[in-house]
Amino acid sequence: MAQFWRPGSERPRATLVDDEEGGILFVSAPPPSSSSGFGHSSFDRLRQRLPVFKYRDAILYLVENHATAIIVGETGSGKTTQIPQYLKEAGWAEGGRVIACTQPRRLAVQSVASRVAEEMGVKIGEEVGYTIRFEDQTNPSVTAIKFLTDGVLIREMMDDPLLTKYSVIMVDEAHERSLSTDILLGLLKKIQRRRPELRIIISSATIEAKSMSNFFQPRKKNLDHAADVSLPSQSPAILSVEGKGYTVEIHYVEEPVPDYLQAAVDAVLSINDKEPAGDILVFLTGQDDIDAAVKLLRDNTQDDRRRSSGLLVLPLYSGLSRVDQDLIFAPTPRGKRKVVISTNIAETSLTLEGVVYVVDSGFSKQRFYNSISDIESLVVAPISKASARQRAGRAGRVRPGKCFRLYTEEYFLKEMPAEGIPEMQRSNLVSCVIQLKALGVDNILGFDWLASPPPEAMVRALEVLYSLGILDEDAKLTSPIGYQVAEIPLDPMISKMILSACNLGCSEEIITIAGVLSIQSIWVSARGAQKEVDEVKLRFAAAEGDHITFLNVYKGFIDSGKSSQWCYKNYINYQAMKKVVDVREQLSRLLRRLGLALKSCEKDTQILRKAIIAGFFANSCRLEEYSHNGQYKTIRSSQEVYIHPSSVLFRVNPKWVVYHSLVSTDKHYMRNVIAIDPSWLIDAAPHFYQLRTPNFAPH
DNA sequence: GAGCACTGC
C-alpha cells in the first residue's frame, strides 16, 4: 500500500496587483510573508506586526477615488473585519449613513459582527449590528456598521430600491458566486448609475478578479460622459493583499488513482504512520462515501491495533444531528489523532481548528439543472482550482500543514477548471426572476448579468411564473397575486399555494406545510435504525399523503410542548422543527401585513389538497395502467417517475398524485406526494392543461 | 425498499 507523493510547485500566495487600466498610484506593502507565521494573533498583535497603517491608507485611497474597489485577500488578511472599521474611522458612517457588509451565510454574519464589535469595544446591536432572517440586531438610530446576508440586502431593496441609507456596500466572499451574490452585484451596478456617490467594495478570495473588474467597467460612452472631476473614477480598482495563513505544502499522486475512496483511506493511514501529530480532514463527496470510508478506517483500527489505534474517526455532513456534528469540535483526546471525513460543509460552512493535514479527493457533489426536463440533479463532479486551494488552506490555520491531493499535478495544472460554474448557470431561476421583477427589472433577458444564465432556463422560469398567474402576458407582475408572491420569502410555487389557501380558508394549516416543505427534512437520518423510523412514521401517516402527515407531526410537536425529548423518541429532527416554527411565525406576520386572513379548515383535507394543487398543479402524475412496479408518468412531459421510498404513499400507489420535488439518482423519485382527484387539476389550472396536454382526459 | 453537496429569504 505504498503511496508515492510528490510535493507540488504551486505557491498559493496572492501578490500585489496593479490596475492595468492605470489610474492607481498605489504601492502599499502587503503583510509580511506568512512563512514567518503568526497564527491567530489577537488584534493588538496583528496591529504590531502588520503595516496596518499602509493597508488602511490604501483602502481609504481606493474608496475615496473609485466608485468600485475589488479587494482580493487571502484568509486572515483582515479584509472582512478591518475594512469596515477603517471606513468608519474615515467618516463614511457620519450623518446617519451606514456601512453595509454582506456575507453569504448567516453564521458568518453573526461571527464577523461580534468580532468587529469586540475589536471596537462596543455592544452588538448598537454601533455594530447585524440582520439575518428571523433576527435583527440593529438600532436604526445608532448602528453605523451593519452586517447582513446578501439575501437580506436584496429584500431590503423592495422597500428602498436605491439602498439610500448606505454610503458603502461591501460584498464579501464574492468569489463563491452564489445566486444572491450574483443578483446583488447586478443590482448594485444599476444602483450605482443612479447614485454615483455610492461606494462598492467587492471582496474575493481568488485572484480571478478581472471578470469582476470588467463587469463594473462602464461602457465607453458613459465614461466620456462622466468626466466630472468631483466624481470618483468609474474604473474599478483592484487591490490584492496577503493573508496570515501558514504555508501548506501541496503533495500530488504520481499516477491517477482508480478509486478515490480507497486512496483516501490509504492516505490517512500513511499520514498517521509517517507524519507528526495533527488532525486530518478528508474531503469526500457525500454521505455514502463518507460512511464507507469511516467504516474502512474503523475496521482497520480493529485489525491492526498497532498501526492505527490512535485514530479517532468521525463523519461530518449536514444530515447528521446537531449532537453528532458537535463531536467534531470536541478537543482531541491526548495521544489520539482526529480524522474528520467530510462533505463540502467543511470547505466553507464549518471551520475545524487543529487540522494540519488535508486529504482532497478532487470531487464534490454539485447541483445541475436541466431546463428542458425541469429537473435538478446532484452529480459527483470534479472541483475547481479555487475549491482545491480553499480545501488546502484548511490545513494552515494553526501551523504549517500539508495537503495531499488524490490527483496528479499535471491534472491540476492542465485540466482542472480555474473556477466552478456559477450557481446562476445551474439552477432553476423562478425565485430569481420574481425577485428581479419585484424590483422593477422588466427586461430580465437583457439584465446585466455577471454570468448570463442559459436562455432556456430563463424562458422556462417565465413560463412557470406565467402559468401560476404571477406574471401576465406582458411578463409583468400581476396584481395582487404577483406582488404578494414576491413579498413571501419562499419558492413561488409554495407562495402561490399559501395565497390560494387564504382564499380557500385553510391558511393556518398551509403555513405549517409551507414551513416543512422549505426545510430539508424533518426526519433524522438514521440508517442503522431504519425499521424503527418507518414504524414511527406510520403513527403519523395520513392516507392523503406526506403533506397531511406533516400536519400530524407538527401537532404532536406542539402538544409535547416543543419538546426535544419528544423529537428524539420519534426520530424527528428537533432543529428542523424549531425552524418550521420560525418560518410559520414569519409567514403569519407577513400574511397579516398583506391583509390576508389566517383561518383553519379543521379536518377538511380536500380543501388543503386543492390549495396545494393551486401551487403544484404542474407536478401531476398518473400511475401507469399496467404498472407492477409503481411506475408513474408525469402529465406534463411523460417523464417516468416513482414515489420515493421515504414517502408515506410508497407502495400505496394512488392512481393520481401531485409531488413537491423530484430527486434524481438511478431513477427519478418524487418526494413529498399527495393523492388527488384529477378533476381538481382542471379546476385549479384549466389554461395549463388545455395548453400543454391536448390528450389529457381524466376519468 | 432507497437516499439527501451546501446555502439563503
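Every chain is numbered from 1 and lettered A, B, ... according to where its sequence line falls, protein lines coming before strand lines.
Among the heavy atoms of the strands, none lies under 4.0 Å from A:S180. Residue-level contact check: A:T343 touches the backbone only, with heavy atoms under 4.0 Å from sugar-phosphate atoms and none from bases. Across all strands, A:D534 comes closer than 4.0 Å to base atoms (heavy-atom distances). Base contact: A:Q520 has a heavy atom under 4.0 Å from a base atom. Counting any heavy atom pair closer than 4.0 Å across all strands shown, A:L179 reaches no nucleic acid atom. If you check every strand for non-hydrogen atoms under 4.0 Å, A:R106 touches sugar and phosphate atoms only. Within 4.0 Å of A:S364, counting heavy atoms only, lies no atom of the nucleic acid at all. Within 4.0 Å (heavy atoms only), A:L378 reaches at least one base atom of the nucleic acid. Within the 4.0 angstrom heavy-atom criterion, only backbone atoms of the sugar-phosphate kind lie near A:T149; the bases stay farther away. Here A:R133 lies in heavy-atom contact (under 4.0 Å) with a base.
Atom CZ in A:F134 sits roughly 14 Å away from atom C1' in B:dT7 (whole-Å rounding). In this entry the distance linking CD of A:Q325 with P of B:dA5 reads 13 Å, nearest Å. The distance from atom CD of A:Q390 to atom C1' of B:dT7 is 14 Å, rounded to the nearest whole Å. Atom CG of A:L184 is separated from atom C1' of B:dT7 by 15 Å (rounded to the nearest Å). Summarising the geometry, the separation between CG on A:L439 and P on B:dC9 is reported as 16 Å, rounded to the nearest angstrom. Straight-line distance from the CZ atom of A:R367 to the P atom of B:dG8: 13 Å, rounded to whole Å. The distance from atom CG of A:D150 to atom C1' of B:dT7 is 10 Å, rounded to the nearest whole Å. At whole-Å resolution of the value, CZ in A:R589 and P in B:dC9 are 13 Å apart.
Of the candidates B:dA5, B:dC9, B:dT7, the closest approach to any side-chain atom of A:I132 belongs to B:dC9. If you check B:dG1, B:dC9, B:dC4 against the side chain of A:V663, the one that comes closest is B:dC4. Nearest nucleotide to the A:R105 side chain, out of B:dT7, B:dC9, B:dC4: B:dT7.
Residue-environment remark: OH (A:Y411) exceeds the threshold of 12 foreign heavy atoms within 6.0 Å.
At a cut-off of 3.5 angstrom, the base of B:dG3 holds no donor-acceptor pair with the side chain of A:D291.
Side-chain polar atoms of A:Y571 and A:K537 form no donor-acceptor pair below 3.5 angstrom. Defined by atom type and a distance below 3.5 Å, a donor-acceptor pair is present between the side-chain atoms of A:Y130 and A:E135.
Taking the six-membered ring where tryptophan is involved, the planes of A:F447 and A:W449 are perpendicular, since the angle between them exceeds 60° and thus also 30°.
Remark on DNA chain B: of its neighbouring residues A:Q435 and A:K365, the 5'-side contact belongs to A:K365, judged by nearest-heavy-atom nucleotide. Mapped onto DNA chain B by nearest heavy atom, A:G286 and A:P645 fall at different nucleotides, with A:P645 at the one closer to the 5' end.
Look at A:S646 and you won't find any side-chain N or O under 4.0 angstrom from OP1 or OP2 of B:dA2. The phosphate of B:dG8 (OP1 or OP2) has no side-chain N or O of A:R155 nearer than 4.0 angstrom. Not one side-chain nitrogen or oxygen of A:T348 sits closer than 4.0 Å to the OP1 or OP2 atom of B:dT7.
Aromatic rings of A:F363 and A:Y260 (six-membered ring for Trp) have centroids within the 6.0 Å cut-off, being under it. Taking the six-membered ring for Trp and the full ring otherwise, the centers of A:H644 and A:F650 sit at least 6.0 Å from each other.
Geometric assessment of A:R405 against the ring of A:F412 yields a positive cation-pi assignment under the 6.0 Å and 45° thresholds.
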